[in-house]
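Counting from 1, the numbers follow the sequence of the chain as shown.
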Amino acid sequence: ILIYTNGLVNLSAINTNHNVKTQGFINLSDAVSEFYNADAGEDYWYFNAQSGTIYNFYLSASDNPDWDVNNFAGVLELFDEEGNPVDFSSASGMGTGSVIASWTADADGRYYLKVSDQNENNGFYRLSMNNPTFDNQTYFFVNGLSIIGGKNVTFTGTNYSNANYNSLAGLWVQTPANISLLNFEAHSNGTEGAVLDNYMEGSGIGNVIVAGQSDEFRSAFSANGWEGLVIRSNGTISLGNIKGSSNGASGIVVDNSQALTAKTVTINNVDLYFNGGDGLSVETLGNITLRNTNAQGNGNHGVSLNNSNGLGGVLISGENYLSNNGMCGLSVDTNGAVNITGIDARMNGESGVYIIGRTGLITLTNIFVMDSYSHGIDINTEGAVTLNNVTSFRNGRETDGDGLHIITEPTRLVSIRGSAFMGNGGQGVELGYRGENWIKPVILTSVIFGNDSDGSGEANLVIENVSP
C-alpha cells in the first residue's frame, strides 16, 4: 500500500502482509538494486538472450554501508525458460559480496537468473548485465505500507493494525507533521518493523506518539531483520506499552538529537527481549524519562540513553529489569542530572549500570546489581554522587571488577547510605578522585565486605587519587 498526499492521513485496523518482490525483468546494460528476503525465497530475474551474444553478469552487495548490514554473500545461478540449469562460461566470487559470471548464449530464448545469499541472510544487492559499474541503477523498495504525507498521520482504534512478512519495512512513514501510532504490530519484516520519520532532513515540526492499548495489549515490533521500531524526529517523542523483541538489530531506536531546541523523550512500559543490538537506544538533546522497562538478552546494551550533546537530564523510575545483555544493562551518557530508582541488573556482559556524567548530580536509589562481567556499577563524572539502598554482589569475578567504581572531581561529595558491596572480584568500592585534597566521602550504614574474590590482594574499600 502506498499513500502519497499533502493532506491528513487517518487509518484504523489496516492489514498489509506478505508483500514481497521476488522476480523481475532485466535488459542488456540494465542495473537494479533489490532486497533479498530469505523468508520469501530466491529472487528471479528474467531476460531475453540472443544466440552468440556474450552476457556478463555482476552481482554485488549494496554500495551503501547502511544497507549492507549482513554482508551480502551472493550466489548467482542461470536457468533456461524450462527451469533447466545452464552452466556459466566462467564464474568467480560465489558466496562473496562481488560475483562475476560470463555466459555466451547458444540459442535464442528467455532465460532467468536466480539470486540468493549463501548464508540465507537478508540484504540489499545490486545486479547488472554487461554493466560492471552499475550505471543508471533502478531501485526497488517493497514495504507493507508506505505513507509520504504533508500533514498529521494517525493510526487509531481498538483493533490492531498489522504489517507482517513484508520484503522491507512493515510500515514507513514520512511527514513533517505529527505521527501517532496506536495499537500496531509489525513482525517478521525484512528490514525494520516500522520507521517513523518526521525529521525530514531537518524540515519536520511534528511530535511522535507510539502506544499500545494497555500493559496487557501492547504495540509490538518483533522478529524483523533490522530494527523493530525506528523514530527520527525534531519533536517530542512519547512511547508507552510497547514490545520489541527478537529483531536482528536494536529493538527500539529513538533519535531527536538534531532538533534545533532540546525536545523530551518519554518512555513507559516497554519490553525488549533478545534483540541483536541494543534493546532500547535513545539519542536526544532533551530530558529522558524512562519507567518500567524490561530489557533482557539483547546483544548490546539493554538500555542506552545518550543526551550528552544537550543539557537534558535522565530520570528512571518504576521497576526496571536489565539482565543477560551482551554489554551493559544500562548505559547513560549525559550532561544533566541523573536520578535512577528501581534497577535490577544481573549477568550483563559489561557493567550492570554504566554512567558517564558531567557536572550534574547523580543519584541512585534502590539498585540491585549482580554477576556483571565488569564493574557492577561504573560511574565516571565531574559531579557529586549519592547512593541509597544500593546492592552490588559478585561482579567482575573474572575481570577483577569492582562492586562500585566511581571517578569524580575532588571537590565533589560522594555519599553512600544503606548499601552493600560483597563478593566482587576487585574492590567492593573504589572511589577515584582527579586530584588530591578531596572532600571526605560519606559512607553510612553500609556493608563493604568479602570482596577480592580472586584473591589478588584487593581491598574492600579504596579511596585514591587517579589523576595522571
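Inter-residue side-chain proximity for Phe124 and Leu168 is flagged as met; some heavy-atom pair is nearer than 4.5 Å. Under the 4.5 Å side-chain criterion, counting only non-hydrogen atoms from C-beta, Tyr354 is in contact with Ile356. A 4.5 Å side-chain heavy-atom check between Thr293 and Val303 finds at least one atom pair inside the cut-off. Side-chain contact check for Tyr125 versus Asp117: every heavy-atom pair is 4.5 Å or farther apart. Residues Val142 and Phe35 are not in side-chain contact: their nearest non-hydrogen atoms beyond the backbone lie 4.5 Å or more apart.
Partner of Glu192 under the side chain to side chain contact (heavy atoms under 4.5 Å, CB included) criterion, out of Asn143, Val230, Asn224, Leu229: Val230 alone.
The structure places CZ of Phe72 at 8.0 Å from OH of Tyr36, a figure rounded to the nearest 0.5 Å.
We find that Asp43 and Lys114 are not joined by a salt bridge, their nearest charged nitrogen and carboxylate oxygen being 4.0 Å or further apart. For Arg394 and Asp371, the salt-bridge test passes: some basic side-chain N is under 4.0 Å from an acidic carboxylate O.
Between the side chains of Asn152 and Thr154, no donor-acceptor pair of N or O atoms lies under 3.5 Å. For the residue pair Ser60 / Asp63, no side-chain donor-acceptor distance below 3.5 Å is found, with atom types taken as modelled. Using modelled atom types, one finds a donor on one side chain and an acceptor on the other under 3.5 Å when comparing Thr236 with Asn207.
Atom CG of Leu2 has more than 12 neighbouring heavy atoms from other residues, nucleotides or ligands inside a 6.0 Å radius. Counted within 6.0 Å of CG on Leu311, heavy atoms from surrounding residues, nucleotides or ligands total 12 or fewer; the atom is thus considered open.
The shortest heavy-atom contact between Ser323 and Asp344 is OG-O, 4.1 Å. Nearest heavy atom pair, residue Ser219 against residue Tyr160, reads N-OH, 4.1 Å. Annotation for Ala61 and Arg126: closest pair O-NE, 3.0 Å, computed over non-hydrogen atoms. When all heavy atoms of Gly376 and Ser392 are compared, the pair lying nearest together is CA-OG, 3.8 Å. Of all non-hydrogen atoms in Ala194 and Phe221, the two that sit nearest each other are CB-CE2, 3.7 Å.
For the pair Arg232 and Tyr199, the NZ or CZ position fails the cation-pi test of under 6.0 Å to the six-membered ring centre and within 45 degrees of the ring normal.
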